[in-house]
Amino acid sequence: MSIFKERTIELIRQALPDELQAELDLNRLVEVPPDPTLGDFAFPAFSLAKILRKAPAQIAQDIAAEIEKPVWLERVAVVGGYVNFFIEKGQRAHDVLTTIAAQKESYGSTVQDTPKTVVIDFSSPNIAKPVGVALIRTTILGHSLARIFSFRGYQVERVNHLGDWGTQCGKWIVGYRMWGDEEQLRLSPIKELFRLYVRFHKEAEVDPALEDAAREAFARLEQGDPEIYALWERFRSLSIEEFKTIYARMGITFDSYNGEAFYEDKMAAVVSMLTEKGLLQTSEGAKIVNLDDENLPPCLIQKSDGATLYATRDLAAAIYRWHTYQPTFVLYVVGAPQQLHFQQVFAVLRKAGMQWVDRYEHIPFGTIRFGDQAMSTRRGNVVFLEDVLNEASARALAIIEARNPNLAQKEQVAEQIGIGAVLFRFLVYSRMKDISFDFASALSFEGDTGPYVQYTYARAGSVLRKAAQVECNSTQLDYAGLNSAEEMTLIKELERFPDVVEAAEAAREPAGIAHYLLELCRAFNGFYHEHRVVGSNLEAERLELLRATRTVIANGLFLLGLEAPEEM
RNA sequence: GCGUCUGUAGCUCAGUGGAUAGAGCAACUGCCUUCUAAGCAGUGGGCCGCAGGUUCGAUCCCUGCCAGGCGCACCA
């Protein structure tokens with residue numbers, strides 16, 4: 001928790017009647033007043049009125065009278081039913097800035113005595129389909145969540161549950177044999193496989209026999225036909241290689257690429273386990289688990305032709321992950337349309353007596369639209385992640401050429417900014433919101449954007465470089481001097497970063513960190529505009545403020561998966 | 001029909017059981033001989049979808065309704 005909120009809560013607790021000290025959730029009750037002139041923290045006494053049978057204003061008076069003022073507290077004021085706390089400014093500046101200076105890249109992080117494991121299943125592309133914008137959201141969200149949980153002291157296992165099995169594999173095998181372009185496959189495997197996928201569906205509309213051919217090809221793959229298997233394996237590894245290069249541009253790595261093919265030989269065990277527990281029923285020729293008592297539609301386990309299904313694979317994966325990782329949490333970062341699917345899978349496991357499924361969570365997110373149409377892979381109506389990144393990077397480079405043509409390593413910085421803009425754009429919305437994708441807003445570098453945050457970081461760094469060339473006029477730090485409105489606003493923002501990280505973990509929601517960074521940067525830029533650093537009589541203290549701001553921006557950007565360029 | 005998510009400024013979105021509801025974009029106006037103007041400051045702009053209820057207090061919690069998205073058996 002942030003430094004002074006914690007101290008204020010402790011102070012209030014001691015001032016309360018004994019019987020209330022334990023039961024009140026002060027962390028929830030204590031708030032920051034809407035106007036800083038009212039105080040730094042406030043305790044509303046209204047909720048105690050009924051319990052104590054006294055007027056809120058009287059209770060507030062009583063609490064204020066009980067408080068023994070520590071050195072860090074400037075004063076306490078009672079306004080109506082509120083007890084308002086004013087923190088001593090110099091003390092606050094000192095404690096916040098020295099804490100950040102000491103903790104640096106670990107400021108805001110948590111150490112766990114015995115590290116708990118969290119498995120995060122994200123990105124998980126279907127390798128026969130392209131990395132469209134829909135896939136961007138799970139990839140970016142999952143990556144950020146992985147960093148947040150890691151920062152919060154968890155051992156994180158990043159799992160890419162590849163869609164590398166199923167009848168669509170038969171489609172690319174058939175497609176490749178009929179229209180495949182070997183050259184293109186080497187150059188750009190994902191786009192070539194995508195082209196085959198789209199063409200397959202187009203041709204299959206007039207020639208339904210293609211569907212049969214695909215089914216047959218997949219059946220032969222399952223039987224281990226060496227020629228077909230070699231083809232599949234080649235497509236798979238080419239696709240993974242290309243994914244890895246895109247992931248690398250975004251700083252993403254995985255601990256496992258075990259996907260659907262990996263679980264293929266673990267399906268029979270799931271079916272027999274469900275049979276043994278008497279959960280499997282036959283309905284219309286298919287094997288199902290009835291979930292009436294959970295108020296859910298039945299979960300389909302096996303098709304009438306004997307083939308297993310999506311749910312079966314997820315059951316196998318869930319069981320495997322439990323035994324492999326003994327996780328505290330398993331997070332599935334998968335779109336909101338699949339909420340029912342996960343409810344069903346989790347319900348089946350619960351019925352099978354696997355109580356550990358309570359640790360499993362679906363982390364849903366809203367749909368991405370392009371214009372007013374939903375993405376449709378089959379129609380080829382997609383935007384490639386790679387093209388978005390390339391475009392973003394190119395636009396960033398153009399801006400650098402126009403504004404800062406002498407910048408060193410322009411291409412690298414442009415990549416950081418362009419990709420930063422895309423990542424930030426996708427993280428700044430609450431994950432449940434549907435978002436409408438358009439290049440104009442995704443590639444905007446002004447206002448509430450990643451580049452704005454990166455720019456603020458670079459700008460502060462520029463002042464530090466400038467200061468290094470100037471004689472420092474003060475060695476004795478006097479934090480009490482940092483008492484202007486702009487400085488206090490900035491210090492308060494810096495102070496609350498640990499709370500923001502904690503909330504982001506609890507809600508599985510990186511958007512809070514993105515919004516926090518925007519506010520932090522606004523606070524910094526307000527300060528920057530109003531106060532001179534280099535050559536001022538508070539130079540040393542303000543440099544500390546700059547360093548702390550840069551530390552927190554860097555930590556926050558890291559949690560979102562963005563780079564923090566030194567210069568831009 | 002059932003379930004679920006969303007509904008806040010012209011647009012895109014924050015926000016919280018509490019004291020006057022906030023940003024960005026767009027529009028208009030200022031600010032670069034001074035540490036990066038990818039910036040800062042200002043102006044205008046709101047039945048917080050509608051109606052009840054709980055509460056000292058609701059934009060926030062509950063119920064109903066309206067609008068939109070998504071899902072609901074052999075795809076994943």
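Residue numbers begin at 1 in each chain, while the letters A, B, ... track the order of the sequences. Atom set for the values below is all heavy atoms of this structure, side chains included, hydrogens, waters and symmetry mates excluded.
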Exercise. Do you see a donor-acceptor pair shorter than 3.5 Å between the side chains of A:His341 and A:Asp314?
Worked result: yes
For this session: Would you indicate what A:Tyr452 reaches in the nucleic acid, counting non-hydrogen atoms under 4.0 angstrom: base, sugar-phosphate, or nothing?
Result: sugar-phosphate
Exercise. Considering residues at least two apart in sequence or located in another chain, which fulfil the side chain to side chain donor-acceptor pair (under 3.5 Å) criterion with A:Glu391?
Worked result: A:Arg395
Problem set entry | Check: A:Ala42 main-chain N/O paired with A:Asn84 side-chain donor or acceptor under 3.5 Å | no
Exercise. Hey, can you pull the residues of residues 339-351 of chain A with a non-hydrogen atom under 4.0 angstrom from RNA chain B?
Worked result: A:Gln339, A:Leu340
Exercise. Of the candidate nucleotides B:C75, B:A37, B:U36, which contains the atom at the shortest distance from the side chain of A:Met568?
Worked result: B:U36
Problem set entry | Closest-nucleotide ordering on RNA chain B, the 5'-leading residue of A:Ile399 and A:Ala511 | A:Ala511
For this session: Apply side-chain contact (heavy atoms from CB on, under 4.5 Å) to A:Ser124 and list each qualifying residue two or more places apart in sequence or on a separate chain.
Result: A:Asp121, A:Asn160, A:His161
Problem set entry | Span that lies between the P atom of B:G46 and that of B:G10, in whole angstrom | 6 Å
Seminar exercise, completed: From CG of A:Leu296 across to P of B:C72 the rounded distance in Å is 13 Å
For this session: Could you check whether A:Glu284 gets within reach of a base, just the sugar-phosphate, or nothing at all, counting any heavy atom under 4.0 Å?
Result: base
Problem set entry | Closest listed nucleotide, where the reference is the side chain of A:His515 and the choices are B:C13, B:G71, B:U36 | B:C13
For this session: Give one of base, sugar-phosphate or nothing for A:Ile288, where a contact means two heavy atoms less than 4.0 Å apart.
Result: base
Problem set entry | Donor-acceptor side-chain pairing of A:Glu487 and A:His531 below 3.5 angstrom | no
For this session: Could you tell me whether A:Gln338 contacts a base, only the sugar-phosphate backbone, or nothing, with contacts defined as non-hydrogen atoms closer than 4.0 Å?
Result: base
Exercise. In chain order, what residues pass the ring pair (Phe, Tyr, Trp, His ring centres under 6.0 Å) check against A:Phe342, with sequence neighbours excluded?
Worked result: A:Tyr332, A:Phe346, A:His362
Problem set entry | Step-by-step salt bridge (Lys or Arg N to Asp or Glu O under 4.0 Å) determination, A:Glu294 to A:Lys351 | CA-CA 10 Å; A:Glu294 304 261 354; A:Lys351 278 179 95 84; 5.4 Å; no
Seminar exercise, completed: Expected list for residues 417-426 of chain A near RNA chain B, using heavy atoms below 4.0 Å, is A:Ile417
Problem set entry | Presence of A:Arg403 side-chain N/O under 4.0 Å of B:A38 phosphate oxygens OP1/OP2 | yes
Seminar exercise, completed: Those stems involving RNA chain B that have three or more consecutive Watson-Crick or G-U pairs, both distances under 3.5 Å, are B:1-7 with B:66-72, B:10-13 with B:22-25, B:27-31 with B:39-43, B:49-53 with B:61-65
Exercise. OH of A:Tyr457 versus P of B:G39: gap in Å, rounded?
Worked result: 19 Å
For this session: Describe the nucleic acid contact of A:Ala336 in one word from base, sugar-phosphate, nothing, applying a heavy-atom distance below 4.0 Å.
Result: nothing
Exercise. Taking the side chain from A:Ser283 and the backbone from A:Ala286, do they hold a donor-acceptor pair closer than 3.5 Å?
Worked result: no
Exercise. Is any side-chain N or O of A:Thr456 under 3.5 Å from a base N or O of B:A38, one able to act as donor and the other as acceptor?
Worked result: no
For this session: List in chain and number order the residues that pass salt bridge (Lys or Arg N to Asp or Glu O under 4.0 Å) with A:Asp35, two or more places apart in sequence or in another chain; answer none if no residue qualifies.
Result: none
Problem set entry | Separation of atom CG in A:Leu48 from atom P in B:G17, rounded to whole Å | 17 Å
Problem set entry | Sequence neighbours excluded - ring-ring contact (aromatic ring centres under 6.0 Å, His included) pairs with any residue from residues 395-423 of chain A | none
For this session: Looking at every strand, decide which applies to A:Ile301 at a 4.0 Å heavy-atom threshold: base, sugar-phosphate, or nothing.
Result: nothing
Exercise. If you pin A:Gly461 and A:Ala286 to their nearest nucleotides in RNA chain B, which one's is more 5'?
Worked result: A:Gly461
Exercise. Which value, in whole Å, describes the distance between the P atoms of nucleotides B:C60 and B:C48?
Worked result: 10 Å
Determine all donor-acceptor pairs shorter than 3.5 Å in which one atom belongs to a side chain in residues 412-427 of chain A; sequence neighbours excluded.
residue  : atom : partner  : partner atom : Å
A:Gln412 : OE1  : A:Gln409 : NE2          : 3.1
A:Glu415 : OE1  : A:Arg249 : NH2          : 3.2
A:Glu415 : OE1  : A:Ser393 : OG           : 2.9
A:Glu415 : OE2  : A:Arg249 : NE           : 2.6
A:Glu415 : OE2  : A:Arg249 : NH2          : 3.3
A:Arg425 : NE   : A:Ser441 : O            : 3.2
A:Arg425 : NH1  : A:Tyr429 : OH           : 3.2

For this session: Indicate whether the side chain of A:Tyr457 and that of A:Glu566 have a donor and an acceptor atom separated by less than 3.5 Å.
Result: yes
For this session: Could you tell me whether the phosphate oxygens of B:G7, OP1 or OP2, come under 4.0 Å of any side-chain nitrogen or oxygen in A:Lys433?
Result: yes
Exercise. Under the salt bridge (Lys or Arg N to Asp or Glu O under 4.0 Å) criterion, do A:Arg496 and A:Glu502 qualify, and how do the steps go?
Worked result: CA-CA 10 Å; A:Arg496 75 188 180 95; A:Glu502 186 181 353; over 6 Å; no
For this session: Apply salt bridge (Lys or Arg N to Asp or Glu O under 4.0 Å) to A:Glu401 and list each qualifying residue two or more places apart in sequence or on a separate chain.
Result: A:Lys410
Problem set entry | Closest listed nucleotide, where the reference is the side chain of A:Arg369 and the choices are B:G15, B:G69, B:U36 | B:G69
For this session: Could you walk me through whether A:Asp40 and A:Lys492 pass the salt bridge (Lys or Arg N to Asp or Glu O under 4.0 Å) test, one step at a time?
Result: CA-CA 9 Å; A:Asp40 296 309; A:Lys492 288 179 200 173; 3.1 Å; yes
Exercise. Hey, is the side chain of A:Arg459 poking within less than 4.0 Å of OP1 or OP2 on B:A37, counting only N and O atoms?
Worked result: yes
Problem set entry | C1'-based separation of B:G57 from B:A76 [nearest Å] | 49 Å
For this session: Using a 4.0 Å cut-off on protein heavy atoms (strictly under), produce a 5'-to-3' string for nucleotides 19-32 of chain B with B for base contact, S for backbone-only sugar-phosphate contact, and - for none.
Result: BB--SSS-------
Exercise. Base, sugar-phosphate, or nothing for A:Ser283, non-hydrogen atoms under 4.0 angstrom?
Worked result: base
Problem set entry | Heavy-atom side-chain proximity of A:Arg508 to A:Arg431 below 4.5 angstrom | yes
For nucleotides 55-63 of chain B, list the nitrogen or oxygen atoms of the protein found under 3.5 Å from its nitrogen or oxygen atoms, one pair per line.
residue : atom : partner : partner atom : Å
B:C56   : OP1  : A:Lys50 : NZ           : 2.7

For this session: For A:Phe445, report the nucleic acid contact type (base, sugar-phosphate, nothing); a contact means any heavy atom under 4.0 Å.
Result: base
Exercise. Looking across every strand, which nucleic acid part, if any, lies under 4.0 Å from A:His362 by heavy atom: base, sugar-phosphate, or nothing?
Worked result: nothing
Problem set entry | Aromatic ring proximity A:Phe262/A:Tyr257, centre distance under 6.0 Å | no
For this session: Considering only atom C1', compute the distance from B:G15 to B:C31 and round it to an integer number of Å.
Result: 31 Å
Problem set entry | Derivation of the salt bridge (Lys or Arg N to Asp or Glu O under 4.0 Å) call for A:Glu544 and A:Arg547 | CA-CA 5 Å; A:Glu544 278 307 302; A:Arg547 289 192 190 96; 2.6 Å; yes
Problem set entry | Residue A:Tyr455, side-chain atoms from C-beta onward, closest of B:U36, B:G69, B:A73 | B:U36
Exercise. Do the side-chain N or O atoms of A:Tyr310 get closer than 4.0 angstrom to the phosphate oxygens (OP1, OP2) of B:A76?
Worked result: no
Problem set entry | Selection from B:G69, B:C75, B:U12 that lies nearest to any side-chain heavy atom of A:Leu309 | B:C75
Problem set entry | Donor-acceptor under 3.5 Å (A:Thr312 side chain, A:Leu309 main chain) | yes
